[in-house]
Amino acid sequence: MQRYNPKDIEPKWQKIWDSEGTYTADLKSDKPKYIAMSMFNYPSGAGIHIGHAMNYTISDVKARFKRQQGYESYHPVGWDAFGLPAENYAIKAGVSPQESMATIIPDYHKQYKAMGWSNDWEKEISTHLPEYYKWSQWIFVQMHKHGLAYQDSRMQWFCEQCQTVLANEQVIDGKCWRHDGPDDPLVQKKEVKQWFFKITDYADELLDAIDDLDWSESVKLAQKNWIGRSEGAEISWQVCDQEGRTERASFETFTTRKDTLPGVMFIVIAPESPLLDDLTTAEHKAEVNKYREESALLGEVERQENKTKTGVFTGKYAKNPFNDQLVPIYVASYVLGGYGTGVVMGMPGHDLRDREFALQHKLPVVLTTAVAKEYEDLNSLDVWTGAGKQVNSGQGFDGLSNKEAGDKIFDQVHKAGQAKPKVNYKMRDWSVSRQRYWGAPIPIIDCPKCGAVLVPEKDLPVILPELDDYAPSGDGRSALARAKDWLTVECPKCGGPAERETDTLDTYIDSSWYMYRYFDPRNLHEIFDKQLVQKWEPIDFYNGADHATAHLLYARFIARFFKKLGLVKEAEPFKQFLFNGKVTASDGRMFSKSKGNGVDPLEIIAQGYGADALRTYMMFAAPLELWTKWDPQGVPGTHRWLSRVWNLVNEYIDQPSADVPQETQAEINRALHAMIKKMTEGLEHNRYNTAIAATMTATNDFYKLKTKHFGKSEVWQKALEGLVACIAPLAPHMSDELWHLLGHSASVHHDSWPKHDEKYLIQDKVTIAVQVNGKLRGEVQVPTGADEDTVVKSAKANEKVASHLKDQTIRKTIYVPGKLVNFVV
RNA sequence: GGGCGAGUGGCGGAAUUGGUAUACGCGCACGACUCAAAAUCGUGUUCCUUACGGAUUGUGGGUUCAAGUCCCACCUCGCCCACCA
C-alpha cells in the first residue's frame with residue numbers, strides 16, 4: 001500500500017483540473033447558480049502569505065461545497081493591480097508598473113494553483129488593463145452626468161520633501177512615510193482641488209438597508225458608525241457687538257441636545273470655517289489670524305495627543321434665540337470644520353469638551369439638567385450627559401424631563417423662525433482624485449475656456465501612458481504632468497487647446513464594481529451584459545479580513561448607482577459577507593517580513609505536508625470569525641488525519657468482499673449519516689471547524705468498526721465514498737485521488753455531495769442522565785421513546801441513584817424526554 | 001473617552017441556545033510493532049485525593065428543579081472608531 005504523499009498527488013490533480021477545465025463555470029448553465037469569492041488580491045510581488053491562504057480557502061471551500069451539491073458554482077479570480085505600493089516599487093526598481101505586473105501576476109497563478117483553489121482562470125480580470133479601467137472611467141463619466149461627481153478644493157496632507165500630496169494612510173505619526181526620520185518635518189495640510197462622488201446622497205439608503213444584511217455584525221455596526229447619522233436641530237444665531245447691537249452676519253449651529261439651549265455660555269467656530277472672518281472684530285483680527293494659521297499647521301496627531309482646548313476670542317457676540325442672552329464667540333481647533341455647520345454652541349454644563357474649554361477660558365457654567373450629587377461641582381471635569389429634570393431654564397420648562405423641555409424649547413425657537421429639524425452625517429463625500437501615476441486617468445479635459453470637460457465616451461479608455469519616470473511631478477501633480485504629448489489635447493467642446501486631468505482615480509473605484517465584471521470580463525462594448533449579471537447577482541458569499549467600511553461601503557454605493565442606471569436589479573451586491581479573522585504569530589503579533597516571523601504557505605506545502613493539510617488546518621483551527629495564533633504543530637496534525645483517511649480507503653481497496661452483519665451495518669451508517677448531517681450544516685452556516693471535527697469523529701468510528709467487519713461491501717463502499725466526498729472541499733487533491741480509487745471515473749468535485757437520512761440516526765436505546773438535586777448521580781439506558789414512568793422507574797432502580805435517594809422524600813421529579821431525570825429531595 | 005466582542009484543561013477550541021461541561025485536534029504519558037528509531041496502531045489524559053469522594057467555565061452575588069448559557073456588579077484581554085457637538 002502506498003503512503004499518503006501529497007507531493008505526488010497534488011501536482012498531478014492540479015494538472016488534470018487545469019486541462020479538463022474542472023472549475024470553469026458555465027455562466028449560461030440551467031443549474032442553480034452560486035458564486036463564492038473573497039476580496040481580490042493586491043499583487044505586491046511578495047507572493048501569497050498566510051492571510052491570503054486563509055481568506056481564499058474560506059471561499060474556495062464554500063464554492064467547492066456548492067459545486068458538489070450540484071450548483072453551477074463560480075469561484076472567480078482577479079487582481080487589484082493599481083495603487084501606491086506597485087508604483088513605489090516601480091520607482092525604486094526602475095521598471096514600469098506595467099512590466100512588473102506582467103511578471104508578478106503569472107507568479108501568483110502558480111501559487112494559487114498550488115493552494116488547490118478552484119478558480120475559473122478563463123474569466124480572470126485585472127484592474128490595470130485598459131479593457132478593465134475603461135469601465136472604471138466610464139463610471140466616473142456616468143457619475144458626472146448624473147450630478148454625482150463634482151470638483152472642490154479641500155485640505156490635504158502635503159509633504160514638503162516629496163513635493164506631493166499624501167493619502168491619510170501615508171501619514172505615519174504625523175510624518176511622511178518616506179520621510180519619517182527624527183529630523184524630518186511634520187506633514188502639513190494644503191488646499192488641493194479634487195473630484196468627489198456624492199456618496200452622501202445615498203447615506204440614508206445605505207444606512208437603512210444595513211439591518212437586513214446577512215453580514216458579520218461587527219461590519220454592519222462599523223458601517224452604521226461610519227455613516228454616523230444623527231438627528232437634531234439647526235439653530236440660527238444673530239451676530240452682535242458687545243453692546244448687543246445686531247450686525248448683518250448670522251450663522252447656524254447643529255445640536256442633538258435642544259434642551260441645553262438655555263445653558264449655552266459661548267459659541268465656538270472652527271478655525272478653517274469660511275465664516276470666521278465675518279465673526280471677527282477688527283481689533284481681534286490679528287490674534288484670530290495667528291491662531292488660524294497655527295492650527296492649520298498642526299498635525300492631526302498633535303491635535304489628537306494634545307487635546308488641550310486652545311482657542312481665542314473673536315471679539316463678537318451672538319444672541320441666544322431662546323432667551324436673548326449675549327454669548328461670546330470663540331475660535332477653537334477642537335471644533336471640526338467638516339462636520340455640521342462648523343460652528344458649535346458651547347454648553348459646558350453637559351458636554352465634556354465644552355466644559356474643558358470653559359474651565360480653561362474662565363467661562364461660566366450652568367446646568368440645565370438636574371444631576372446626581374457627585375456632578376454638582378462645576379469646576380470638576382465630570383459631566384452629566386444623561387437624562388434628568390430640566391432646571392435653570394425658566395418658567396414652563398423647569399421641572400419637565402429634559403427631553404420634554406428640549407422639544408418645548410425647540411418649538412418656541414422654531415416658531416420664531418430660528419430653528420429647524422436637521423439630520424447630520426459623519427460620512428463625507430468620497431474623494432476619488434489621487435495625485436499619483438499608477439491608476440486610471442480621470443477622464444476629464446481642462447479647457448481654459450470651457451473648464452472641466454468630460455472625455456466623450458467614444459474616446460474611452462484614456463490610456464495611461466508609459467513613462468521614463470514615475471515619481472510625482474513635484475508640483476503636487478502626478479508624474480503624468482510630465483507626459484507632454486499625452487497631456488496636450490483639443491477640448492472636446494470648443495476644439496481649442498486644452499490639457500488632460502493629471503489625477504488618477506482612487507483604486508477603491510476599481511474594487512467597487514469588479515464583482516460584476518467577473519460575469520463578463522472581456523466585453524469591449526459595454527461594462528457588462530446586463531442579463532448575465534442579473535442572472536448571477538448578488539454575490540452569494542463574500543469574505544475578507546479588512547475593509548469593513550471603505551470598500552464595502554463604496555461597493556454598496558456603486559451597486560445602488562448601477563441599479564438606478566438599470567444595470568443591476570439588486571441594490572445590495574453581497575448577499576452574505578463574512579468578516580473573517582486573521583492569523584497572527586504565536587506571540588499574538590502580526591506576521592511580517594520585517595519581523596522575520598512569517599509563515600510561508602508555499603514552504604509548508606513544499607515541506608511535504610501538502611496544500612490539503614494546510615487548508616484543512618486553517619479551516620479547523622478556530623471559528624472563521626476568530627483571530628487565531630499560528631500553531632506550528634497544527635498542519636502536521638491535520639496531515640496525520642488525512643493520512644488516516646488515505647490508509648483507510650487504500651486498505652479497503654485491497655480487501656476481499658465481506659458480509660457485514662446488520663448490526664455493524666447500522667453502526668457504520670449511523671457514523672456516516674451523523675457526519676454528513678454535521679458537515680452539510682457546518683459548511684452551509686460557516687461553522688467549518690465543528691464540521692471538520694465531525695469528519696474526524698467519523699474517521700475514528702470507521703477505524704473502530706473496521707476491526708469488526710471490513711471488506712468490499714455496499715455499506716463500506718457508501719461509507720467511504722461519503723467520507724471522501726465530505727472531505728473534498730477541504731482536501732480536494734487527496735479526495736479526487738481516493739474517489740477514483742473507489743471506482744469513479746468522474747471528478748469528486750461535481751455533484752457528489754451525499755444526503756443524510758434521519759432514519760439511520762435513530763437508535764433503539766438512549767442514555768438518560770439521572771440527577772439528584774441537580775447533581776449527576778448515574779446514567780440509565782432505556783428504549784427510545786419509553787414513557788416517563790418507565791424511565792423514572794429504571795432511574796430509581798439505578799444503584800448509585802438509589803443510595804442518594806435512600807431515606808429521602810422525593811418532592812419533585814423533572815423529566816426531560818430523551819435527556820435526563822432530576823429528583824428533587 | 002465611546003462602541004463592540006471575548007474570558008472554559010498544559011494549548012487551539014466544543015457544548016442542538018437553560019438540560020450529562022471539556023466534542024475534535026495539538027501536546028503529554030503508557031502499551032503494541034521494531035535489534036533500535038521514525039512512521040503507524042491502541043489506551044489514557046480538567047483539577048485535588050492512595051481511595052471513598054469533592055471541586056470546577058475570569059471574580060462576587062441573584063433567578064431556577066437545573067446556569068458556561070439568563071439578570072446585576074466588578075476584574076482582565078482583544079478589536080474598531082476616536083474632539084462628529
Side-chain angles (χ1 to χ4, degrees), chain A residues 3-4 217-222 224-226 228-230 232 253-257 260 268 270 303-304 306-309 332-347 350-354 356-357 383 385 424-428 548-549 579 581-582 584 586 588 616-617 620-623 625-638 640-641 643-644 647 677-678 681 687 689-700 703-704 707 767-779 810-825:
Chain A
R3 273 185 57 183
Y4 171 48
E217 287 301 320
S218 59
V219 176
K220 289 165 72 167
L221 207 79
K224 282 187 189 176
N225 292 339
W226 185 267
R229 183 189 155 100
S230 85
T253 59
F254 174 73
T255 184
T256 53
R257 288 289 303 272
T260 62
V268 198
R303 235 165 117 164
Q304 263 179 35
N306 179 13
K307 286 194 176 170
T308 318
K309 299 289 182 285
S333 64
Y334 81 91
V335 174
L336 305 171
Y339 182 75
T341 61
V343 193
V344 153
M345 49 191 234
M347 37 172 206
H350 302 288
D351 183 281
L352 180 59
R353 297 150 302 178
D354 296 342
E356 282 178 45
F357 188 80
V383 163
T385 54
N424 257 324
Y425 301 91
K426 280 193 212 174
M427 184 170 70
R428 314 289 158 86
T549 46
F579 196 52
K582 293 186 178 182
T584 63
S586 15
T616 306
Y617 169 65
F620 173 65
E625 306 79 21
L626 242 59
W627 287 52
T628 43
K629 291 177 184 168
W630 182 256
D631 175 5
Q633 306 279 8
V635 175
T638 47
R640 192 171 310 152
W641 169 58
S643 295
R644 278 164 67 80
N647 292 341
K677 185 180 183 182
K678 280 193 182 143
E681 289 173 358
R687 291 191 299 262
N689 59 329
T690 49
I692 295 166
T695 60
M696 289 175 172
T697 305
T699 309
N700 294 342
Y703 262 75
K704 280 191 192 101
T707 61
T767 305
I768 303 283
V770 187
Q771 299 179 336
V772 178
N773 281 347
K775 285 204 165 169
L776 183 71
R777 294 302 180 191
E779 282 176 357
I810 296 171
R811 291 187 299 149
K812 204 172 174 186
T813 302
I814 283 120
Y815 172 59
V816 182
K819 296 257 184 212
L820 61 73
V821 177
N822 187 12
F823 297 112
V824 185
V825 297

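From a predicted model like this one, the values you see are computed outputs, not experimental measurements. Chain naming here is simple, since letters A, B, ... match the order of the sequence lines and numbering starts at 1 in each.
What separates CG of A:Leu336 from P of B:C81 is a distance of 17 Å, to the nearest Å. Between the P atom of B:C41 and the OH atom of A:Tyr703 lies a distance of 5 Å, rounded to the nearest Å. Spacing between atom CD of A:Glu625 and atom P of B:G13 amounts to 12 Å, rounded to whole angstrom units. What separates CZ of A:Arg687 from C1' of B:A15 is a distance of 12 Å, to the nearest Å. Atom CG of A:Asp354 and atom C1' of B:C83 are 10 Å apart (whole Å). Between the C1' atom of B:C81 and the CD atom of A:Glu217 lies a distance of 17 Å, rounded to the nearest Å. B:G19 atom C1' lies 17 Å from atom NZ of A:Lys775, rounded to whole Å. When rounded to the nearest whole Å, the span between CG of A:Asp351 and P of B:C83 equals 13 Å.
Taking atom P on both B:G3 and B:A14, the two are 28 Å apart, rounded to the nearest angstrom. Spacing between B:G18 and B:A23 at atom P, rounded to whole Å, works out to 23 Å. Remark: the separation of the P atoms in B:U64 and B:C48 is 35 Å, to the nearest Å. When the C1' atom is used for both B:U20 and B:A67, the distance is 14 Å, rounded to whole Å. Here the separation of B:G68 from B:G9, taken at their P atoms, is 14 Å to the nearest Å. Taking atom P on both nucleotides, B:C26 is separated from B:G62 by 42 Å, rounded to a whole Å. Here the separation of B:A73 from B:C52, taken at their P atoms, is 43 Å to the nearest Å. Atom C1' of B:A82 sits at a distance of 35 Å from the matching atom of B:C11, rounded to the whole Å.
Between atom CE of residue A:Met427 and atom OG1 of residue A:Thr549 there is a gap of 11.0 Å, rounded to the nearest 0.5 Å. The line from CE of A:Met696 to CD1 of A:Ile692 is 6.5 Å long, rounded to the nearest 0.5 Å. Summarising the geometry, atom CE belonging to A:Met345 is positioned 9.5 Å from atom CZ belonging to A:Arg257; distances are rounded to the nearest 0.5 Å. A distance of 10.5 Å separates NZ in A:Lys426 from CG in A:Leu336, rounded to the nearest 0.5 Å.
No hydrogens or angles were tested; on distance alone, nothing pairs the side chain of A:Lys629 with the base of B:C11 as donor and acceptor under 3.5 Å. The base of B:U16 is paired with the side chain of A:Lys819 by a donor and an acceptor separated by under 3.5 Å.
With a cut-off of 3.5 Å on both pairing distances, B:C52 has no Watson-Crick or G-U wobble partner at all. When both distances must be under 3.5 Å, the Watson-Crick or G-U wobble mate of B:A6 is B:U76. In this structure B:A66 sits in no base pair that meets the Watson-Crick or G-U test at under 3.5 Å. Across all strands shown, the partner of B:G42 is B:C30, judged by Watson-Crick or G-U wobble contacts whose two distances both fall under 3.5 Å. Under the Watson-Crick and G-U wobble criteria, each requiring two contacts below 3.5 Å, nucleotide B:G18 is left unpaired. The pairing partner recorded for B:G12 is B:C24, the criterion being a Watson-Crick or G-U wobble arrangement whose two distances lie under 3.5 angstrom. A 3.5 Å limit on both hydrogen-bonding distances identifies B:G1 as the Watson-Crick or G-U partner of B:C81.
In this structure, A:Thr813 and A:Val824 have side chains that are not in contact, with every pair of non-hydrogen atoms separated by 4.5 Å or more. Looking at heavy atoms from C-beta onward, A:Asp354 lies in side-chain contact with A:Met347 at the 4.5 angstrom threshold. A:Tyr339 is listed as a side-chain neighbour of A:Arg428, based on a closest heavy-atom distance under 4.5 Å.
Relative to the ring axis of A:Tyr334, A:Lys309 places its NZ or CZ within 45° and under 6.0 Å from the centre.
Looking at heavy-atom distances under 4.0 Å, A:Ile768 makes no contact with the nucleic acid at all. Here A:Leu221 lies in heavy-atom contact (under 4.0 Å) with sugar-phosphate atoms only. Using a 4.0 Å heavy-atom cutoff across all strands shown, A:Met347 reaches sugar-phosphate atoms only and no base atom. Among the heavy atoms of the strands lying under 4.0 Å from A:Thr767 is at least one base atom, whether or not backbone atoms are also near.
Of the listed nucleotides (B:U20, B:C65, B:C4), B:C65 has the atom at the smallest distance from the side chain of A:Val824. Comparing atom distances between the A:Thr256 side chain and each of B:G54, B:A14, B:A85 picks out B:A85 as nearest. Side-chain proximity of A:Pro623 to B:G13, B:G19, B:A85: nearest is B:G13. The nucleotide whose nearest atom lies closest to any side-chain atom of A:Ala622 is, among B:G12, B:A14, B:U20, B:G12.
Heavy-atom minimum distance, A:Ala691 versus A:Lys678: CB-O, 3.9 Å.
In this structure, A:Arg3 and A:Gly340 both approach RNA chain B, and ranking their closest nucleotides by distance from the 5' end singles out A:Arg3. With the nearest nucleotide of RNA chain B identified for both A:Gly228 and A:Ser643, A:Ser643 has the one nearer the 5' end.
For an aromatic pair to be called close, the ring centres must be under 6.0 Å apart, and A:Trp641 with A:Tyr4 fails this.
Within the 4.0 Å cut-off from OP1 or OP2 of B:A85, at least one side-chain nitrogen or oxygen of A:Ser230 is found.
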Subject >> Letter per nucleotide, 5' to 3', of nucleotides 22-27 of chain B [B base touched, S only sugar-phosphate touched, - untouched; heavy atoms, 4.0 Å] >> reply: -BBSSS
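Counting non-hydrogen atoms of other residues, nucleotides and ligands closer than 6.0 Å to NZ of A:Lys220 gives a total above 12.
B:G60 has its base anti relative to the sugar, with a glycosidic angle deviating from 0 by more than 90°. The glycosidic torsion of B:U17 lies within 90° of 0, which places this base in the syn conformation.
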